[in-house]
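Before any comments, here is the structure.
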Amino acid sequence: MTQTSVQHPADNTPAAAAPVARKVPTERIHHGDTFVDNYEWLRAKESVEVVEHLKAENAYQETVTAHQEPLRESIFQEIKGRTQETDLSVPNRKDGWWYYTRSVEGKEYGIQCRVKAQNTGDPVADWTPPAVEAGVELSGEEVLLDCNVEAEGKPFFAVGGTAVTVDGNLYAYAVDNAGDERFTLRFKDLRTGEMLPDVIENIFYGVSFSPDGTRLFYSVVDDAWRPYQVKSHVLGTPVTEDEVLYQEDDVAMWLGFDLSSDRRHLVLSIGCSEYSETRLLRFDDYDAGLSTVISRDERVLYEAEPFLLTGPDGQKTEKILVTHNRNAINSMVSLVDAAELAKPLAEQEWTTVVAHSDQVRVNGAGVTATHVIVSVRKDTIERVQVLALAGLGTPSQGDPVEPAFDEELYTAGVAGSDYEAPVIRMGYTSYFTPSRVYDFVLPTAASPAGELLLRKESPVLGGYSPSDYVATREWATAADGTRIPLSVLRHASVAQDSSAAGLVYGYGSYELSMDPGFGIPRLSLLDRGIVFVIAHIRGGGELGRHWYEDGKKLRKKNTFTDFVAATDWLAGSGWVSPTRIAAMGGSAGGLLMGAVANLAPEKYAAIVAAVPFVDALTTILDPELPLSALEWEEWGNPITDPEVYAYMKSYTPYENVHSVAYPKIAAVTSFNDTRVLYVEPAKWVQALRSVSTGTEPIVMKIEMDGGHGGASGRYVQWRERAWDYAFVADSVGAVELLPGAGLK
């Protein structure tokens with residue numbers, strides 16, 4: 001490995017030497033096309049030379065950005081100063097207990113606790129959470145898991161799932177100490193505090209007990225990091241005897257599971273983003289095995305929730321609530337009698353519960369003992385609606401009831417529901433409203449609109465006032481005339497005189513929406529006069545299923561050109577100087593960053609690409625790599641389809657670097673990330689440096705202990721965010737706080 005020096009712009013002294021990896025040409029040949037990859041050897045994670053190279057990249061990055069350290073420290077202190085460090089979640093009732101998490105000042109991780117619930121016969125009172133104070137132990141409080149104790153001496157710590165038996169006696173929790181998203185599951189007897197001898201290694205996210213508490217269900221990933229097995233462990237038996245309930249052999253299908261709301265079934269969800277299959281296991285007839293709701297061969301994308309519906313005669317019938325895209329691109333909700341499933345799909349009778357609409361995307365539906373809860377998206381905004389079970393699917397079905405909020409741009413979603421509860425727990429946030437927890441009392445004859453009860457608004461310290469900031473909805477116009485929604489955030493004192501700095505953020509993949517949400521770290525950028533634009537580009541889900549499909553596969557480039565159009569809107573908005581705009585995105589949004597760096601490098605002063613998927617074609621061409629086969633539904637399959645191969649090759653960032661003056665670029669990654677391997681940004685920064693005609697530094701920051709989400713402790717995560725934001729603020733010349741802004 002050799003070094004090349006960059007010059008400080010202010011003088012002619014060599015500043016720091018960028019690591020130059022040696023070139024080892026490797027040919028990749030597909031569909032008659034040969035691509036010569038000089039840096040593929042950096043994939044050898046166990047190689048001492050590779051590790052030393054990565055350390056050299058970090059050393060270079062530290063040297064180049066050393067002058068940003070005071071700014072990083074300021075931003076970190078602002079995040080810390082606005083955060084109530086000793087805090088707790090709103091208790092959540094499950095069976096006979098209230099469960100909640102405490103955070104304590106100076107401690108990196110939460111402490112999971114519970115207290116006994118009361119049953120007085122007044123349902124709303126019984127489901128009113130106890131008043132828990134920060135730093136004050138409740139009478140009868142039990143600590144289930146002190147994550148700080150568990151994390152002690154470990155390089156990384158994350159919990160991948162917890163479960164408690166219905167009787168409240170046994171607790172299961174899964175822990176990752178490497179950042180590689182493989183968890184070790186342990187069991188605790190909450191009556192005695194003793195650990196059970198059962199230990200299960202290498203499981204994936206999510207664990208559930210059977211209703212009788214004798215079994216625990218968990219999933220396992222294959223070598224490509226795809227969850228492909230659901231297993232059943234009988235407590236007290238050897239793990240080697242655990243039963244494989246189901247194994248999914250199609251490498252393009254993802255497997256998950258949960259209990260049905262009424263806990264009568266285990267529900268297995270198998271699918272990709274284009275079609276799916278649900279299989280059910282009845283706990284009261286366990287040995288009968290799994291039954292299929294709709295076969296994947298029908299190519300329907302759906303979710304199914306089995307439940308008992310009481311008819312006008314008082315008799316309960318086995319029904320299945322199906323949220324599906326059958327003749328409904330934005331999805332709809334139907335009711336089907338379980339007996340109908342024995343017939344061919346075309347002959348089954350389905351009843352409409354929520355009709356299809358081109359304006360409303362139906363995201364999902366669930367049930368309680370009294371209501372259907374539907375999650376929908378309309379005008380980019382996520383909303384919740386409830387429908388009474390009485391009369392469901394008949395002419396007497398009631399109108400949906402929607403909890404009302406008074407902001408234009410917000411996010412409201414179901415944060416939890418219990419089958420027997422008279423309330424549903426909801427989360428609410430907007431760009432400048434800190435996250436709130438509500439309980440929505442479900443409508444009754446006496447109270448047909450229901451009632452929203454605010455349980456908590458997360459406190460923000462340091463003199464925070466929402467009135468200091470402004471959020472507006474604006475629209476950019478893409479080259480093909482499509483209007484792209486933007487969320488534009490700024491400090492109220494920024495003048496519209498074309499002098500401010502700007503940051504454009506985007507994602508635009510997997511039908512994920514960048515919904516309004518409060519973030520303390522972002523205030524540090526707004527307080528420095530940076531106008532923050534969230535570009536809701538195609539490939540996301542903000543405007544329904546069409547919006548997603550117009551930004552995937554052979555229409556993927558719309559995602560990138562939409563982002564450039566958002567940048568052009570900002571440059572011409574009158575708020576900012578066109579020379580002071582930065583861009584930021586992570587994961588698939590990191591691919592976006594690499595693509596716009598190639599498309600329009602002159603439009604950005606700096607680009608931050610977090611865990612960037614910049615060598616997508618190499619990755620997806622290798623089905624042995626983690627999650628690659630699951631990506632075919634998003635990008636197409638370049639292994640079998642020459643058109644997909646050629647299209648991807650025309651935009652993947654690593655293969656399209658060229659001789660232009662690239663802006664400042666920071667690639668931020670983690671050594672143990674299993675979703676976007678560190679090798680992608682490592683190769684990309686080498687390729688960029690080798691061709692850039694500019695003088696701006698291109699750096700890679702690699703966290704040697706983190707996973708896809710970075711490091712695990714909250715203070716460490718705040719420092720990582722401070723690093724990203726200081727890089728942006730320094731690059732666009734916005735390091736000073738606006739008059740009167742900042743911590744009070």
Side-chain angles (χ1 to χ4, degrees), residues 65 67-83 409 429-434 460-472 474 486-496 499-507 514 516-535 566-567 570-571 573 575-586 589 593 604-610 663-664 666 668 701 710 717-744:
T65 66
H67 66 285
Q68 296 168 10
E69 177 54 38
L71 179 57
R72 292 199 284 259
E73 184 60 29
S74 294
I75 293 174
F76 173 78
Q77 292 299 340
E78 289 161 20
I79 297 170
K80 195 167 182 288
R82 286 187 167 113
T83 304
L409 302 178
T429 183
S430 75
Y431 289 117
F432 299 118
T433 302
V460 182
L461 311 181
Y464 171 72
S465 170
S467 62
D468 290 341
Y469 306 93
V470 179
T472 61
E474 309 292 346
L486 313 174
S487 296
V488 180
L489 318 180
R490 58 183 169 82
H491 195 281
S493 67
V494 172
Q496 196 168 2
S499 70
L503 173 63
V504 188
Y505 176 86
Y507 186 77
M514 298 295 102
F518 184 76
I520 283 177
R522 192 170 56 218
L523 300 176
S524 291
L525 290 183
L526 302 177
D527 284 352
R528 286 170 173 80
I530 293 174
V531 177
F532 197 116
V533 174
I534 297 154
T567 306
L570 180 60
S573 66
W575 291 108
V576 308
S577 162
T579 62
R580 300 181 69 198
I581 296 175
M584 179 183 270
M593 293 300 101
Y604 304 99
I607 292 175
V608 176
K664 281 191 185 75
V668 182
K701 175 179 178 282
Q717 288 180 337
W718 294 349
R719 289 206 181 274
E720 288 189 344
R721 186 56 54 86
W723 192 97
D724 297 344
Y725 282 179
F727 186 90
V728 167
D730 177 66
S731 301
V732 295
V735 299
E736 300 297 331
L737 290 166
L738 296 171
L743 288 177
K744 307 292 192 293

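The first residue of the sequence shown is numbered 1, and numbering continues consecutively from there. What you see is a predicted model, and the numbers here were worked out from it, not measured in a lab.
What you find for Asp730 and His67 is that their closest heavy atoms are OD2-NE2, 2.9 Å. Between Val576 and Ala501, the shortest heavy-atom contact is CG1-O, 3.6 Å. Nearest heavy atoms, Ala566 versus Ala535: CB-CB, 3.7 Å. Nearest heavy atom pair, residue Pro578 against residue Ala571, reads CG-O, 3.7 Å. Annotation for Val735 and Ala729: closest pair CG1-O, 4.0 Å, computed over non-hydrogen atoms. Taking each heavy atom of Arg580 and Gly733 in turn, the nearest pair found is NH2-O, 2.7 Å.
Every residue was checked against the ring pair (Phe, Tyr, Trp, His ring centres under 6.0 Å) condition with Trp575, not counting sequence neighbours, and none meets it. For Tyr431, there are no ring pair (Phe, Tyr, Trp, His ring centres under 6.0 Å) partners at least two apart in sequence or on another chain.
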Where do Val531 and Val494 land on the side-chain contact (heavy atoms from CB on, under 4.5 Å) test, with the steps shown first? CA-CA 8 Å; Val531 177; Val494 172; 4.3 Å; yes
Step by step, would you call Leu503 with Leu525 a side-chain contact (heavy atoms from CB on, under 4.5 Å)? CA-CA 9 Å; Leu503 173 63; Leu525 290 183; 3.7 Å; yes
Show your working on side-chain contact (heavy atoms from CB on, under 4.5 Å) between Asp724 and Phe727 and close with a plain yes or no. CA-CA 5 Å; Asp724 297 344; Phe727 186 90; 5.9 Å; no
Run the side-chain contact (heavy atoms from CB on, under 4.5 Å) check on Leu526 and Phe532 step by step: do they pass? CA-CA 7 Å; Leu526 302 177; Phe532 197 116; 3.8 Å; yes
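Counting only distance, with no hydrogens or angles, the side chain of Glu474 and the backbone of Leu570 share no donor-acceptor pair below 3.5 Å.
No side-chain heavy atom of Arg490 sits less than 4.5 Å from a side-chain heavy atom of Tyr469. Taking 4.5 Å as the limit, some side-chain heavy atom of Ile581 sits within range of a side-chain heavy atom of Thr567. The shortest distance between side-chain heavy atoms of Glu73 and Gln68 does not fall below 4.5 Å. The shortest side-chain heavy-atom distance between Ile534 and Leu486 does not fall under the 4.5 Å cut-off.
To the nearest 0.5 angstrom, Ile79 atom CD1 is 8.0 Å from Trp718 atom CH2. Rounding to the nearest 0.5 Å places CD1 of Ile530 at 12.0 Å from CG of Leu489. Note: Glu736 CD to Leu71 CG = 9.0 Å, rounded to the nearest 0.5 Å. Atom CZ of Phe432 sits about 11.0 Å away from atom OG of Ser465, to the nearest 0.5 Å. Here the straight-line distance linking atom OH of Tyr507 with atom CE of Met584 works out to 15.5 Å at 0.5 Å rounding. Rounded to the nearest 0.5 angstrom, Thr429 OG1 and Leu409 CG are separated by 11.5 Å.
For Glu720 and Arg72, the salt-bridge test fails: no basic side-chain N is under 4.0 Å from an acidic carboxylate O. Salt bridge annotation for Arg82-Asp527: present, with a cationic side-chain nitrogen under 4.0 angstrom from a carboxylate oxygen. Of the charged side-chain nitrogens involved, at least one lies within less than 4.0 Å of a carboxylate oxygen, so that Arg528 and Glu78 count as a salt-bridged pair.
Taking the six-membered ring for Trp and thresholds of 30 and 60 degrees, Tyr464 and Phe518 have ring planes more than 60 degrees apart, a perpendicular arrangement.
Annotation: cation-pi geometry satisfied between Lys701 and Trp723 (NZ/CZ under 6.0 angstrom from ring centroid, within 45° of ring axis).
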